[in-house]
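Take a look at the structure below.
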Number of protein chains: 4
Amino acid sequence: MFFHIDSSNGLPIYEQVVRQVKFAVAAGVLKPAEMVPSVREVARELALNPNTVARAYRELQAEGVLQPVRGTGLQVAADAAQRCRRQRRDLIQQRLGQVLREARQSRLDGDELRQLVEAELKSLEREEAKP
Amino acid sequence: MFFHIDSSNGLPIYEQVVRQVKFAVAAGVLKPAEMVPSVREVARELALNPNTVARAYRELQAEGVLQPVRGTGLQVAADAAQRCRRQRRDLIQQRLGQVLREARQSRLDGDELRQLVEAELKSLEREEAKP
Amino acid sequence: MFFHIDSSNGLPIYEQVVRQVKFAVAAGVLKPAEMVPSVREVARELALNPNTVARAYRELQAEGVLQPVRGTGLQVAADAAQRCRRQRRDLIQQRLGQVLREARQSRLDGDELRQLVEAELKSLEREEAKP
Amino acid sequence: MFFHIDSSNGLPIYEQVVRQVKFAVAAGVLKPAEMVPSVREVARELALNPNTVARAYRELQAEGVLQPVRGTGLQVAADAAQRCRRQRRDLIQQRLGQVLREARQSRLDGDELRQLVEAELKSLEREEAKP
DNA sequence: GTGGTCTAGACCACC
DNA sequence: GTGGTCTAGACCACG
């Protein structure tokens, strides 16, 4: 299974499931037309309430990432990959904008911000390099 | 008055008040030893329930930003300014880290991220220039 | 249930709840990862307003003694026991210091104080022995 | 003047005034039949609201420590000294009892408590020795 | 006038 | 079911 839940990092659990499915689709781990594991299976595997998983799948259907196959389950939609990639990018851009806006309000100037960003990127790259 | 409530952007009202007080202190708009407007005054001005404002003020006391003057009101603590500035900076750094981490997970590489940051900063600077 | 409220010995009710939870944790009656009784349950049992109990629980969260499990309730934090024991001890030491300081100001000398302490301890031990 | 106010150590200001008068009487700094400084004078000297000082004096009259002299002011009552000494001692005994009781509830045994008391007394004596 | 506590009851998101 | 937020209104101690 490609999910893992960080029970209480503040994000609702169903939202974590939604994001991880989208991420798996965007990254090609879940391919178009592939069947997604059943609500019960996911719930058992992650020790979640089935309602919670069902809600996540419901949202993914509403957004067109998953689509029902009668009597069988849910499959990844044909155009889901590009949709998810675009969503992901927009989300990041929007959140980045928010953070930077707040930062400006607190009197950090552009260069200080660039330095902070550089420092964080470097530290992330180090994290990814070894572990 | 230096507050304004954006009811509702998702953030609880009391939390918006907390942040705006901290910001005002960090920016020097509220100086140490200065009295903060009374619970009732803020409540009237912003059309809030006094309890909501009181809760915000209570949290600010718990964090040592405000301190009571018996029978008189609440005062900005002597060391509040530096405390608020540091908090603000830590908050931004942490949130920036989160966003960048998510961005990396979605396969954006460092250079794309730098470009995004640049674009956002430019757009913010334009916003601040004229409006 | 392990709470009881002494309405009213001057201490706010929410504070009494806070202390009793901390005490139960320090004494091992409430163990890490155990769920604490729900706000509504405590409120019903003690005939309090749920808001009052909620406030107590909120403070306990802020201090890291309790942590939320989404949609399920509140749980004793992993490191809460040691934290509560240390707090308790510090509190007692501080209050003891206060009383002794006042006693000195009122011209009681060290030996008189020792006698007083002995007398009180003996009387407490008698209380604990039988009833 | 023999008072000093520790504005916001938590104790109400009027109560601090009451205690300091009682202490001065118990210690013989204020002698029976001596006139006490007027409300206005104390208020000016300590930068307090006259209402606050008046309230303190009212309580001291109610307890028989001060008594009015028509058209002149307030004087220390004849039997005030012994009364204040006894009160002071009872107060300390009662508070000591409280602290020790709480300490026992938190599982500290008698010997640990005696050690704590010793340590605090030693530290107080050191404080008094030099400064 | 100030803040602090408490009650009552409504509505929300989450599981 | 859970906790969280908010409103409304009462009462208290303090200055």
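Lettering follows sequence order; numbering is per chain, from 1.
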Requested in this report: For the pair C:E34 (side chain) and C:Q75 (backbone), establish whether a donor and an acceptor sit closer than 3.5 Å, ignoring hydrogens and angles.
Outcome: no
Query raised in the report: Does the A:Q16 side chain pair with the main chain of A:D6, one donor and one acceptor, at a distance under 3.5 Å?
Result: yes
Query - d(CD, D:E15; C1', F:dC14) in whole Å - result: 12 Å
Requested in this report: Under 4.0 Å from any heavy atom of chain B: name the first and the last nucleotide of DNA chain E that qualifies, 5' to 3'.
Outcome: E:dG1 to E:dC6
**Report entry** Heavy atoms from other residues, nucleotides or ligands near CZ of D:R89 exceed 12 (cutoff 6.0 Å)
**Finding:** no
Query raised in the report: Taking the nucleotide of DNA chain F with the closest heavy atom to each, which residue, B:N49 or C:T72, is nearer the 5' end?
Result: C:T72
Query raised in the report: Looking only at side-chain N and O atoms, does D:Y14 come under 4.0 Å of OP1 or OP2 in F:dC14?
Result: yes
Report task. Please tell me which of B:P12 and C:G73 maps to the more 5' nucleotide of DNA chain F, matching each residue to the nucleotide holding its nearest heavy atom. Result -> C:G73
Query raised in the report: In Å, rounded to the nearest 0.5 Å, how long is the span from CG of A:L74 to CG of A:L66?
Result: 5.5 Å
Query raised in the report: Looking for any heavy atom pair under 4.0 Å, which part of the strands does C:T52 touch: base, sugar-phosphate only, or nothing?
Result: base
Report summary line: In DNA chain E, consecutive runs of at least three Watson-Crick or G-U pairs below 3.5 Å, as range with range, amount to E:1-14 with F:1-14
Query - Nearest-0.5 Å distance that lies between atom CZ in B:R85 and atom CZ in B:F23 - result: 11.5 Å
Requested in this report: Rounded to the nearest 0.5 Å, what's the gap from CD on A:Q20 to CG on A:L46? Could you check?
Outcome: 8.5 Å
Report task. Give B:N51 one of three labels, base, sugar-phosphate or nothing, depending on what nucleic acid heavy atoms sit under 4.0 Å from its own. Result -> base
Query raised in the report: B:R40 has an atom CZ; how far is it from atom C1' of F:dC12, in whole Å?
Result: 11 Å
Query raised in the report: So what does D:L48 hit on the nucleic acid, given a heavy-atom distance under 4.0 Å: a base, only sugar-phosphate, or nothing?
Result: nothing
Query raised in the report: Just by distance, with hydrogens left out, do C:Q67 and C:Q61 show a side-chain donor and acceptor under 3.5 Å apart?
Result: no
Query raised in the report: Counting only N and O atoms by type, is there a donor-acceptor contact under 3.5 Å from the side chain of D:T72 to the main-chain atoms of D:R70?
Result: yes
Query raised in the report: Below 4.0 angstrom, N of the basic side chain to O of the carboxylate: do D:E63 and D:K22 qualify?
Result: yes
Report task. Classify the nucleic acid contact of C:Q75 as base, sugar-phosphate or nothing, counting any heavy atom under 4.0 Å across all strands shown. Result -> nothing
Report summary line: Comparing nearest nucleotides in DNA chain E, the 5'-proximal residue of the pair C:R55, B:S38 is B:S38
